[in-house]
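Everything on this sheet refers to the single structure shown next.
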Amino acid sequence: MTSPLVHEKIWFEKGKYDEAERQYYQNLAKGSPNTPNKNSLAGEVAKARQHIKNSLECMDGIAALATTANVEVINRINPLEKDNAVLKKYVDDMSVVVRKLESRIDKLESHVKLLEGKLCDAKLVAASVGQAASAAPAVKQGKLCDAKLVATSVHQAASAARAVKPKEVDEDENVDLFGSDSEEESDDAKKLKEARLTAYTARKAKKPAFIPKSNIILDVKPWDDETDMKLLEEAVRAVSIDGLLWGASKLVPLAYGIHKLQILCVVEDDKVSVDWLQETLEAIEDYVQSVDIAAFNKV
């Protein structure tokens, strides 16, 4: 009976051939199969020596390369160390300078605080003096002069009284028991005093009373750059009331071709209110957008 694998193309003995091929190549690597074992051992020793030599040569090459690299690295590190030392010195110097500056700034801040305290005290003193001066303006302008006039009049009356006083006489010579002459002279002194007081009162009545006034600078802003500033100024100056006096004016540029009218006015505080003046000017809606106070000073 024939095997069913007869007609199959299968290499059943491939393992044998592979083993034979492997042994053949091993023999080739070791040498001729007919070479004695001594020659094979010498070849192995020679190969080992060659391998050691190659390894040593490789190590020498590596050492040479390492030495060259180390030299290059050292050559590059030395300048870096020098630069580092110089930078460290600079940093130390800068640290010292910064410390000095900090100490000076602390001193300056303490000095500034001290000056601010003194300035506040000076402002308080100035405000107190200003209040005292504003509270008694009449004393500066009129009352002091009036007091001087009164003192002068009294002094002159006393001098006149002393001038008309009778001379002292002896008790035994012409003693006026009734004192008629002294009474007439005292009447003259009284009349002189009354005349002087009347003249002083008349002069005082003629003096004008102190009128508190304020000097104000107004910023009048238009709606846009097409607003006629001349007409705006005419409309502003058309506002008139007792105690209001308009002064100089000028146009100040704002932005995008728009100018504002800066105008000076003097008002009497008892007659014109600043709020009323602002509202009246802002009521000119055709030209005026807003009115601001740029400066306000008492006259």
### Heavy-atom donor-acceptor pair, R99 side chain to M94 backbone, under 3.5 Å
no

### Query
Should L245 and I216 be regarded as members of a common hydrophobic cluster, given that ILVMFWY residues are connected when their side-chain heavy atoms come within less than 4.5 Å of each other, either directly or indirectly?
no

### Query
Are V274 and V236 in one and the same hydrophobic cluster, where Ile, Leu, Val, Met, Phe, Trp and Tyr link if side-chain heavy atoms are under 4.5 Å apart?
yes

### Task
Flag the pair V220 / S249 as yes when at least one side-chain heavy-atom distance between them is below 4.5 Å, and no otherwise.
no

### Message
Are V252 and L218 connected into the same hydrophobic cluster when the rule is that any two of I, L, V, M, F, W, Y join if their side-chain heavy atoms are below 4.5 Å apart?
### Response
no

### Query
Donor-acceptor pair, W223 side chain versus E285 backbone, under 3.5 Å?
yes

### Query
Is there a donor-acceptor contact under 3.5 Å from the side chain of N27 to the main chain of Q23?
yes

### Query
How many angstroms lie between SG in C265 and CD1 in I217, if you round to the nearest 0.5 Å?
9.0 Å

### Query
Got a sec: does the CZ of R22 have more than 12 other heavy atoms crowding it under 6.0 Å?
yes

### Query
Should I284 and I263 be regarded as members of a common hydrophobic cluster, given that ILVMFWY residues are connected when their side-chain heavy atoms come within less than 4.5 Å of each other, either directly or indirectly?
yes

### K221 and D292: CA distance, side-chain angles, deciding distance, side-chain contact (heavy atoms from CB on, under 4.5 Å) verdict
CA-CA 8 Å; K221 298 177 183 177; D292 297 325; 3.3 Å; yes

### Task
Search all heavy atoms of W246 against all heavy atoms of L281 and return the closest pair with its distance.
CH2-CD1, 4.2 Å

### Query
Could you give the distance from CD (E102) to NZ (K107), rounded to the nearest 0.5 Å?
13.0 Å

### Query
Closest heavy-atom contact between G247 and R237?
O-NH2, 2.7 Å

### Task
Might you point out which heavy atoms bring Q262 and A294 nearest each other, and give the distance in Å?
NE2-CB, 4.4 Å

### Query
Should the heavy atoms of other residues, nucleotides or ligands under 6.0 Å from OH of Y24 be counted, would the total exceed 12?
no

### Task
Check for a donor-acceptor pair, side chain of D224 on one end and backbone N or O of T227 on the other, with a separation under 3.5 Å.
yes

### Task
Report the distance from atom CD of E268 to atom CG of D242, rounding to the nearest 0.5 Å.
6.5 Å

### Task
Nearest 0.5 Å please: distance from the NZ atom of K190 over to the CD atom of E194.
8.5 Å

### Query
Side chains of D225 and Y256: closer than 4.5 Å at any heavy-atom pair?
no

### Message
Within the structure provided, determine whether D188 and L192 are in side-chain contact (heavy-atom separation under 4.5 Å).
### Response
no

### Query
Between Q278 (side chain) and V291 (backbone), is there a donor-acceptor pair under 3.5 Å?
yes

### Query
Which distance, rounded to the nearest 0.5 Å, do you find between the CD1 of I293 and the OG of S214?
10.0 Å

### Message
Do K298 and D269 make a side-chain contact, defined as non-hydrogen atoms from C-beta onward lying under 4.5 Å apart?
### Response
yes

### Message
Measuring from atom CG of L87 to atom CG of L80, what distance do you get when rounded to the nearest 0.5 angstrom?
### Response
10.5 Å

#### Entry: Same apolar cluster: L254 and L261, side chain cutoff 4.5 Å
no

### Query
Would you say S95 and V91 make side-chain contact, with heavy atoms under 4.5 Å?
yes

### Query
Taking all non-hydrogen atoms of both residues, which atom of L232 and which atom of P222 are closest, and how far apart?
CD1-CB, 4.0 Å

